[in-house]
Amino acid sequence: MKRSLLNIVLLLAATLLQAQTPLMPRAAKHVAHKGEFVIGEALQVQGNVPYADSVASVLHKELSQMALSGRKTTGRVECHYVPSMPLPSEGYRLQVGAGGVRMEASTKDGLFRAKEALLQLVRFGKGKIGFCTIEDSPRYGWRGFMIDESRHFFGKKKIMQYLDIMASLRMNVFHWHLTDASGWRVEIKRYPRLTTEGAKGNWHDTEAAPQFYTQDEIREVVAYAAERHIMVVPEFDMPGHATAACRAYPQVSIGGEGRWAHFTFHPCKDETYEFIGNILDELFQLFPAPYIHLGGDEVHFGNQAWYTDAKIQQFIAENKLVNETGLEYYFLRRVADMVARKGKKVIVWDEAIDAGLSPDKAVIMWWRHDRKHQLVKALEKGYQVIMTPRRPMYADFNQHATHKMGRVWNGYNPLEMVYDFPAPIIHLARGYEHQIMGMQMSLWTERIADEKRLDYMAFPRLAAVAESAWTQETAKDYSCFMQNLPHFLRYLDEKQVYYFNPFNPDSTPEPSGPQKEAVRE
Ligand code: TNX
């Protein structure tokens with residue numbers, strides 16, 4: 001009896017100590033000790049080798065901004081880069097004690113994650129850190145966030161702010177949806193009309209002045225992300241959702257009239273593939289990531305002309321493609337082969353599972369939550385998979401029952417459901433866990449025309465995704481997450497980022513969406 005009481009007390013104490021870890025995402029292992037480290041004046045941060053020295057000097061600057069004035073720092077911060085240390089990829093160790101702080105990692109990524117964890121401990125702890133030992137590494141290698149800047153354009157300042165927040169949440173992939181029907185958003189020197197014409201307008205206003213990133217700006221954002229150990233993966237959506245490019249260069253378009261005019265590239269012209277190849281060459285100069293996202297989604301929305309065009313029908317017959325879907329797959333295979341010859345791998349939305357792409361050349365992004373068999377099929381076919389099912393991973397869905405402007409589909413995407421993912425479906429991947437690269441939150445912007453609303457839809461759900469993607473299932477705990485959330489909200493306040501406050505929904509009303517109807521899908 002006595003013993004079990006003691007056990008309960010010890011368990012409670014351990015839970016409390018764990019709960020007090022102000023880290024988001026939560027660490028794999030965290031043991032609290034008695035005592036407190038204070039960041040104050042005369043702070044010393046040192047590296048063990050030249051690379052660690054460079055991290056240390058950045059850290060010194062960042063920590064100094066949070067130092068408590070009038071207090072003396074209670075030890076040194078040591079930053080150790082030890083490539084021979086046996087730690088999992090991106091893993092790190094952090095010890096905070098009487099002598100100060102010691103961070104250790106065997107990779108540059110790991111050392112960076114350790115730095116961000118330490119900064120967060122200091123930020124959340126308002127200049128003080130409880131003594132502790134932390135051993136940490138991520139559950140998934142792909143912890144992503146996608147923003148659609150075709151439907152509405154937000155610009156590099158906003159994107160860079162999000163990259164800062166992502167880095168702090170230990171996220172590592174920014175999927176940049178830069179092309180779609182509403183506008184083409186990246187300068188391509190060889191095809192200037194893509195931006196003089198293709199960048200005009202947005203989802204609700206065809207007359208809006210062109211908005212896009214110059215190549216210099218893209219390089220700047222990519223470098224900014226790289227400094228934060230975030231890979232930027234651009235999406236060049238095809239053969240559908242290509243309206244902006246097709247309007248600018250009708251010779252590669254399917255043409256047509258009405259709502260879906262110019263929605264797809266012409267799939268049977270060599271000129272189309274040449275055009276795409278030339279654009280890919282420029283994109284690959286800008287984006288060093290080993291991946292490019294080719295889209296491949298929702299072609300059926302706007303490929304009606306494929307069914308009636310004599311040349312297309314002849315092409316299908318001559319190449320024994322069977323039907324229009326066969327042609328869609330042919331298109332994707334042809335472009336994916338081109339990408340592979342250029343030394344990169346494609347990512348495609350889950351419509352492309354049956355396209356016959358070789359699993360060593362293609363990664364599947366599963367988005368259709370209502371088609372769970374697609375996830376299973378992709379895994380069975382040997383593909384690596386990134387999970388971003390609409391429910392609950394699409395941030396254009398509402399996050400509270402009272403919200404009106406976002407999407408709903410048999411419900412909405414509340415914070416807790418986002419946090420819970422992938423627990424409700426991950427059993428489907430049993431035996432194929434090694435093929436799950438990770439997960440991401442995707443923020444589509446048909447219903448988001450300004451930064452305030454963008455922030456509101458992203459936060460705080462992005463923090464929940466970050467924790468789900470980083471923290472092992474066994475270490476996840478929603479109530480701990482909610483205990484830490486006020487710290488994260490304070491951090492957003494400092495950055496003047498608007499968000500939905502789940503503790504007090506009335507205090508953060510929903511900003512309105514675009515007032516007009518869609519003009520371009
Ligand atoms: C589906 S996700 C789309 C997007 C929309 C989104 C809105 C995907 C591959 N296609 O074009 O923006 O739904 O939620």
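When a ligand or atom number is given, it counts from 1 through the structure's own listing order. Excluded from the calculations below are hydrogen atoms, water molecules and symmetry mates; all remaining heavy atoms, backbone and side chain alike, are included.
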_Phe481 six-ring face occupied by Lys476 cation (under 6.0 Å, within 45°)_ = no

_For Tyr140, is there any backbone N or O sitting under 3.5 Å from a side-chain donor or acceptor partner on Arg143?_
yes

*Collect the protein residues that have a non-hydrogen atom under 4.0 Å from ligand 1 and hand them over in chain and number order.*
Arg151, His241, Asp297, Glu298, Trp349, Trp367, Tyr394, Asp396, Arg407, Trp444, Glu446

*Taking Thr272 for its side chain and Pro267 for its backbone only, find out whether a donor-acceptor pair lies under 3.5 Å.*
no

*Within 45° of the six-membered ring axis of Tyr412 and under 6.0 Å from that ring's centre, is NZ or CZ of Arg407 located there?*
no

*asked:* Is the positively charged end of Arg228 above the ring of Tyr224, judged by distance under 6.0 angstrom from the centroid and angle within 45° of the axis?
replied: yes

*asked:* Taking the cut-offs as 6.0 angstrom to the six-membered ring centre and 45 degrees off its axis, would you call Lys452 and Tyr498 a cation-pi pair?
replied: yes

